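Have a look at the structure below before the remarks.
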Amino acid sequence: MGHQPRIVLGVCGGIAAYKSADLCRRLVEAGARVAPVMTEDAHRFLGEVTLSALATEPVRTSLWDEREPIPHTRLGQWADLVLIAPATARLIGAYAGGLSHDLLTATLLATRAPVLVCPAMHEEMWEHPAVQDNVALLRSRGVEVVDPATGRLAGGDVGTGRLADLPDIVSAVFEALSAGKGAVERDLAGQRLVVTAGGTREPLDPVRFLGNRSSGKQGHALADEAAARGAHVTLVTTAGRAAAAGVRVVDVETAEEMEQAVLSLAGDADVVVMAAAVADFRPKAPADRKLKRSEGVPEILLEPTPDILAALGEHKGPDQLLVGFAAETPAASDDMRREALAKLRRKRLDLVVANDVLAPGAGFGHDTNVVLLIDANGAERAVPLMDKREVARVVIDTVVEMRSRRGGGADPDPVTEPGTEPVTEQGVEEVPRKGRHQ
Ligand code: CTP
């Protein structure tokens, strides 16, 4: 790709403005250049210094800066994407009405880049017909609106209106970029991928289950990344999270349901990625009514679940690529490597993605991850701490390279960025933190 995506980050005056600092950091870590534009009211909630320390470009606030005449047209032309997070009801109204009273609104009118608006406000305001009509109008003009989430709002109220989760915003940004200026290669065009995500839940009785701490974030990021790069993706997930447009979602709960879904889909798949944390054991005889405390402590007998990945390995098609995960809690990094390699061989995988789930910032529930990729030749690629979407990018890069080496890739000449060379030789290769957006 070579080109770092250029993002204008508009910050309005709402309590969620404090999250813009973290959002800015995530976008920069994902390899983007970020030029923040703050409205006057945004300064009431967030210090300019905070944003300028995190962004790659200077923070701008005024239409009337003498050092930089007509900043709005410059910014509008510079941007690959304009992101407004948080967007207040006032900003949405002004943008829908074509007003340009400050630098941010003027930039919105002066750009031809895709625009992504992330509203955040109180539920009553969000649901007001004026706001809803303005949002509908913006959408009808091709503006992407990332709906607010439900949860705690300012003042302790609970409702819909909270700024969408930051990883979801980062994903939406990269999808919009890939749909726009071709910033992301469609190097999986026409390929069929099956991806699994989340931890399975094995019922003990109708209200209880044995589960694990997997959030599904890494599997979802993989599915979203593959879809952004042109693949037909089916995501078999327990996570109940939204997936990117174009990803077909199959919701499951137990290992058995996941097995049925995956095995029925795998026959047609070019690539299967098992990112799910599938339970290894389940209660042998789940109760059909709630276990009662008054009836004493139950003895629960467990039985093994089917090993989905091992079954896939046994029936793998000649051109199919099988990617497994190995979540470990190793005593030393060598243990993790050995364990992961043993899994790769045992389950006949082409690639294993190993992670130490106890490492800081990695594994279950985090938005970031640290992984080690090992292929069937024993070649390794170490991926340092980065956003799960960026980890997904490196995993998908590797899949594309492996497929093109086998002659099964969509793109006969995939782009390899400096520092993410194909896994071909024995030995560890370090992936730089900013992944492919160098
Ligand atoms: N997996 C699977 N079916 C299972 C258990 C695991 O398909 N019943 C898959 C996971 O999705 C993952 C890989 O196998 O891609 C490795 O899972 P992991 O739990 O790390 O390994 P196990 O095979 O369960 O081995 P161990 O418990 O000894 O670590």
Side-chain angles (χ1 to χ4, degrees), residues 194-220 222 234-240 250-267 269 271-291 296-317 320-331 335-358 363-365 371-372 374 376:
V194 175
V195 180
T196 66
T200 62
R201 295 173 163 199
E202 310 300 331
L204 278 165
D205 69 15
V207 298
R208 302 182 181 90
F209 59 84
L210 287 184
N212 61 64
R213 296 185 190 277
S214 170
S215 63
K217 286 177 184 170
Q218 187 62 76
H220 275 246
L222 281 157
T234 306
L235 175 63
V236 182
T237 177
T238 67
V250 177
D251 290 306
V252 296
E253 196 166 299
T254 62
E256 193 177 348
E257 288 168 11
M258 185 169 278
E259 180 194 32
Q260 277 171 12
V262 171
L263 295 187
S264 76
L265 292 161
V271 182
V272 183
V273 183
M274 282 292 300
V278 186
D280 287 319
F281 319 103
R282 65 182 167 210
K284 195 174 166 76
D288 52 14
R289 52 180 201 91
K290 187 182 163 200
L291 297 167
V297 179
E299 290 211 351
I300 294 160
L301 199 61
L302 300 176
E303 65 176 6
T305 55
D307 189 329
I308 307 169
L309 196 49
L312 290 171
E314 253 171 63
H315 302 112
K316 186 166 67 167
Q320 194 174 62
L321 215 126
L322 208 52
V323 182
F325 270 64
E328 306 292 348
T329 52
D335 289 358
M336 183 169 93
R337 182 172 283 121
R338 218 182 17 245
E339 285 288 322
L341 205 52
K343 269 173 207 177
L344 178 134
R345 304 255 183 264
R346 195 167 69 237
K347 305 194 187 198
R348 302 181 202 183
L349 309 180
D350 300 286
L351 184 69
V352 67
V353 182
N355 68 339
D356 172 356
V357 291
L358 299 183
F364 297 147
V371 302
L372 176 68
I374 310 178

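Quick caveat, the model's predicted, so the values are computed rather than measured.
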Here the salt bridge (Lys or Arg N to Asp or Glu O under 4.0 Å) pairs for residues 196-206, sequence neighbours left out, are D205-R208
Smallest heavy-atom separation, A340 atom then E328 atom, equals N-OE2, 4.5 Å
| Over 12 foreign heavy atoms within 6.0 Å of CD, E253 | yes
*asked:* Within the structure provided, determine whether T237 and D251 are in side-chain contact (heavy-atom separation under 4.5 Å).
replied: yes
request  = Could you please spell out the steps behind the side chain to side chain contact (heavy atoms under 4.5 Å, CB included) verdict for D350 and V323?
outcome  = CA-CA 6 Å; D350 300 286; V323 182; 6.0 Å; no
Side-chain heavy atoms of L309 within contact of L322, under 4.5 Å: yes
Would the distance check show the side chain of T200 and the main-chain N or O of V278 forming a donor-acceptor pair, the cut-off being under 3.5 Å? no
Rounding to 0.5 Å, atoms NZ (K343) and CG (L349) come to a distance of 10.0 Å
Looking only at heavy atoms, the pair that brings L204 and L291 closest together is O-CD1, 4.4 Å
Taking every heavy atom of N212 against every heavy atom of G199, the minimum-distance pair comes out as OD1-CA, 3.4 Å
CG of L302 to CG of D280, rounded to nearest 0.5 Å, is 11.0 Å
Problem set entry | Test item: T196 side-chain N/O and A275 main-chain N/O as donor-acceptor pair under 3.5 Å | yes
Sorted by chain and number, sequence neighbours left out, salt bridge (charged side-chain N to carboxylate O under 4.0 Å, His left out) with D356 holds for none
| Given the rule in the side chain to side chain contact (heavy atoms under 4.5 Å, CB included) test, do I374 and L351 qualify, once you have shown the distances and angles that lead to the verdict? | CA-CA 6 Å; I374 310 178; L351 184 69; 6.0 Å; no
On a heavy-atom basis, the closest approach of P330 and D335 is CB-CB, 3.9 Å
Exercise for the section: Might you confirm whether atom CZ of R345 has over 12 heavy atoms from other residues, nucleotides or ligands at distances under 6.0 Å? Expected result: yes
Between K217 and G365 (side chain of the first, backbone of the second, donor and acceptor by atom type, cut-off under 3.5 Å), is there such a pair? yes
When every non-hydrogen atom of A197 is compared with those of G216, the smallest separation belongs to CB-O, 3.9 Å
*Residue pair M258 / I308, side-chain heavy-atom distance below 4.5 Å*: yes
Do the non-hydrogen side-chain atoms of L341 and R337 ever get within less than 4.5 Å of each other?
-> no
The reported gap from NZ in K284 to CD1 in I300 (rounded to nearest 0.5 angstrom) is 14.5 Å
_Test side chain to side chain contact (heavy atoms under 4.5 Å, CB included) applied to L210 and R282, step by step_ = CA-CA 7 Å; L210 287 184; R282 65 182 167 210; 6.0 Å; no
CG of L344 to CD of E339, rounded to nearest 0.5 Å, is 13.0 Å
Closest non-hydrogen contact found for F325 with V273 is CE1-CG1, 4.0 Å
Using the rule given for side chain to side chain contact (heavy atoms under 4.5 Å, CB included), can you reason through L312 versus M274, listing the C-alpha separation, both sets of side-chain angles and the distance that settles it, and then say yes or no? CA-CA 10 Å; L312 290 171; M274 282 292 300; 4.0 Å; yes
